[in-house]
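Here is the structure we will look at, set down as structure tokens.
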Amino acid sequence: MSSLILTPNLDRPDDVYADLLEAHEGLDKAQSDALNARLILVLANHIGDRQIIAEALQAAKQAGQPA
Amino acid sequence: MNKIFETPLYPYTRSPDQGCTPVARRRVVIVGAGPVGLAAAIDLAQQGIEAVVLDDNDKVSFGSRAICFAKRQLEILDRLGCGQQMVDKGVVWNLGKVFFGDRKVYEFNLLPEDGHQRPAFINLQQYYFETYLVQRAQQLQSQGAPIELRGQNKVLQVQDQGDHVALRIDTPEGPYDLQADWLIACDGAGSPIRAMMGLDFVGRVFEDNFLIADVIMDAEFPTERWFWFDPPFNKGQSALLHKQPDGVWRIDLQLGWDIDKEQEKQPERVIPRLKAMLGDDVNFQLEWVSIYTFQCRRMEKFRHNRVVFAGDSAHQVSPFGARGANSGLQDADNLVWKLKLVIDGKAPPALLDSYDSERVYGADENILNSSRSTDFITPKSQQSRIFRDAVLDLSEHFAFARPLVNSGRLSLPCTYDGSVLNSADALPQGPARTRPGAPCPDVALENGYLLPQLGNDFVLLCINTPAPEALQVNGIALRPLALSCDPETNTALAQRYLGDAPAAVYLLRPDQHVAARWPSYNETDICAALLRATAQG
Ligand SMILES: Cc1cc2nc3c(=O)[nH]c(=O)nc-3n(C[C@H](O)[C@H](O)[C@H](O)COP(=O)(O)OP(=O)(O)OC[C@H]3O[C@@H](n4cnc5c(N)ncnc54)[C@H](O)[C@@H]3O)c2cc1C
């Protein structure tokens, strides 16, 4: 069974990051929020595994708190 | 207003039980002549068990209530002898369309599978549903079955006396006492009996109001379920349009929480709302208007010794998914055969605890589904609305998002996985959909359908293996039914009951659920499974 990858896995991290920023350019807050939500759903479907998504949620939550 | 609301169906007449000494004792007393109480009474009476139904009213229930009745419930009604009448009068529909804003985002077909006698759903006003059940009860009564409906009999007190239940009942001629061996409380969501017994009913209130309007109109809308999220005519809210018999349409408009209910019900408020939805040139007449709020909750336990709760008295859901009356009918279906075996002394009272565990499981499934639908339809936070709208936007473009759209997960029968009545699955290569605990799916056979041949008794279904003579285990009859199945010609039977197995033997309960299954006939295993299915193993 695979588990959530939390080690560097992006081929070109700076490019991916720039793509994310670019996608939001010119959008207001509501439009950006909507885009993020659509993106999360698209990615969740691509992952297709509830367990991994649960781990991802956990990781995202944890990172929002002081270490 | 529709005359049907005002016509007494079982007007009060004096019963010899009134004022008699000693106090009369009845086998089963059912409180509430709603869909669930009537179904339970008919089922009992068909099996020869005395059933007295008490209702404080004598008419159909008031106003707009249930309209969607699911296939499984029609199958239960077939067993009760009134399914055909419901289907003949009802509006059959399979297609649902979902709109977001002013555009259609997708559509679904509920019954892509053939070989079922009954459609996925019919729409039928609850007042017709109840009328036909009352007529069926009266027909049974005229044929000498032990069933009686007592109108204007209001239950005032209920006391469990250990070996019976004592009731005090008010009538137009004053109160009387009655005893029951067993009491089934089908007295609705506000259950006075639950309150009399000091029992809890906890759950979640949804802070939202819905305007339900039943309108009579000649309109060109097709026979489909149309659901709108955030439509232009009801900004930020939802709407539903659904056809009923007699040219009546159900319109359901979400109004939000902070509203003046009395004012919103007035025709001068309602009519402009409906015109905005239907267009100015559509002529319609209001049959009924009401405003509802929703709750999802259940009792902790449905059985309290000799008092058993069924239907809305035991559990309540939001209407999204049509799981109210539909699940109540499954309660009655689950309870009656067990009660009969206990009354006949063929099973211990502990069998009734499996009613509790199985239907609590069913209620939790319904509450989960209907709460999730309600959360999708009426997002409670800004973030949940953002996700909801994201799903709807994606669903227009990509198939992956469509299963996430939740405009009501329509009622499906519950599979009692893990029930104490099930025996371990001895046919693992059989289809998952007919594993122990599952309701039997219908199949078209050469001469008719499978389901009408099942139910009321335990049935031993033997496919591609010889059936034994009729069996009896501890006085419980087991009716054999042999079928042969060529997977080439009857693919549905093979897919639904054989899977990869060449042959199969199924032990089926009187409510048409699978209790056990095997690859071949073995009398010892079958006897053990039957005892287990009746709480004796
Ligand atoms: C707007 C709306 C839409 C719905 N749509 C659907 C749908 O599409 N599909 C679906 O399956 N369900 C639907 N439901 C739910 C459905 O209406 C209920 O689940 C169903 O009526 C429950 O049946 P019941 O027999 O348990 O209780 P009820 O129908 O409430 O009957 C209870 C009976 O008990 C009687 N009673 C109460 N107290 C006493 C007393 N002290 N003495 C004697 N009698 C008493 C009452 O008079 C009443 O007749 C809907 C509900 C609403 C409000």
Side-chain angles (χ1 to χ4, degrees), chain A, chain B residues 98-108 227-232 234-238 256 364-365 368-369 371-409 415 417-418 432:
Chain A
M1 213 189 76
S2 60
S3 60
L4 182 70
I5 300 168
L6 287 171
T7 48
N9 192 41
L10 289 172
D11 190 12
R12 297 165 61 158
D14 288 349
D15 289 350
V16 172
Y17 191 81
D19 291 344
L20 281 175
L21 293 194
E22 194 195 304
H24 284 272
E25 245 164 58
L27 301 186
D28 64 20
K29 168 89 171 104
Q31 290 167 330
S32 266
D33 285 349
L35 176 67
N36 277 339
R38 291 196 297 270
L39 182 66
I40 289 169
L41 291 165
V42 168
L43 294 174
N45 182 68
H46 182 82
I47 294 165
D49 180 336
R50 186 179 169 202
Q51 183 54 40
I52 297 213
I53 294 164
E55 286 173 35
L57 281 166
Q58 191 49 42
K61 274 191 171 176
Q62 194 192 328
Q65 287 154 10
Chain B
V98 175
F99 301 85
F100 180 35
D102 54 7
R103 51 203 217 276
K104 187 182 93 179
V105 287
Y106 95 107
E107 59 182 62
F108 58 88
F227 196 98
W228 287 263
F229 293 97
D230 196 10
N234 197 24
K235 272 293 211 201
Q237 312 281 14
S238 69
D364 283 344
E365 191 174 285
L368 180 71
N369 276 292
S371 301
R372 285 177 169 177
S373 301
T374 311
D375 284 336
F376 193 90
I377 292 166
T378 65
K380 290 298 176 296
S381 69
Q382 201 190 359
Q383 191 56 50
S384 81
R385 180 175 294 271
I386 290 171
F387 272 120
R388 199 279 305 272
D389 290 351
V391 165
L392 291 169
D393 279 328
L394 288 164
S395 73
E396 191 182 7
H397 300 271
F398 307 113
F400 90 82
R402 290 169 202 158
L404 293 166
V405 175
N406 192 340
S407 68
R409 297 280 180 240
T415 295
D417 281 320

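Side chains are part of it too, since the values below use all heavy atoms of this structure and drop only hydrogens, waters and symmetry mates.
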Residue pair [X] / [Y]: nearest heavy atoms and the distance that separates them:
X	Y	value
B/Ile386	A/Asp33	CG2-O, 3.6 Å
A/Leu41	B/Phe387	CD1-O, 4.1 Å
B/Ala390	A/Ala34	CB-O, 4.4 Å

Atom pair CG (B/Leu394) and CG (A/Asn45), whose distance is rounded to the nearest 0.5 Å: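 With rounding to 0.5 Å, CG (B/Leu394) is 9.5 Å from CG (A/Asn45).
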Would you say that more than 12 heavy atoms from the other residues, nucleotides or ligands in this model lie under 6.0 Å from the [atom1] of [X], or not?
X	atom1	value
A/Arg50	CZ	no
A/Asp19	CG	yes
B/Lys235	NZ	yes
B/Arg402	CZ	yes

Which atoms of A/Leu39 approach chain B - backbone, side chain, both or neither, heavy atom under 4.5 Å: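 Contact with chain B involves no heavy atom of A/Leu39 at all.
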Residue B/Asp389 versus chain A: region with a heavy atom under 4.5 Å: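 Nothing of B/Asp389, per the 4.5 Å heavy-atom cut-off to chain A.
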Partner residues of A/Gln31 under the side-chain hydrogen bond (donor to acceptor under 3.5 Å, both in side chains) criterion, sequence neighbours left out: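 So A/Gln31 forms no side-chain hydrogen bond (donor to acceptor under 3.5 Å, both in side chains) with any residue.
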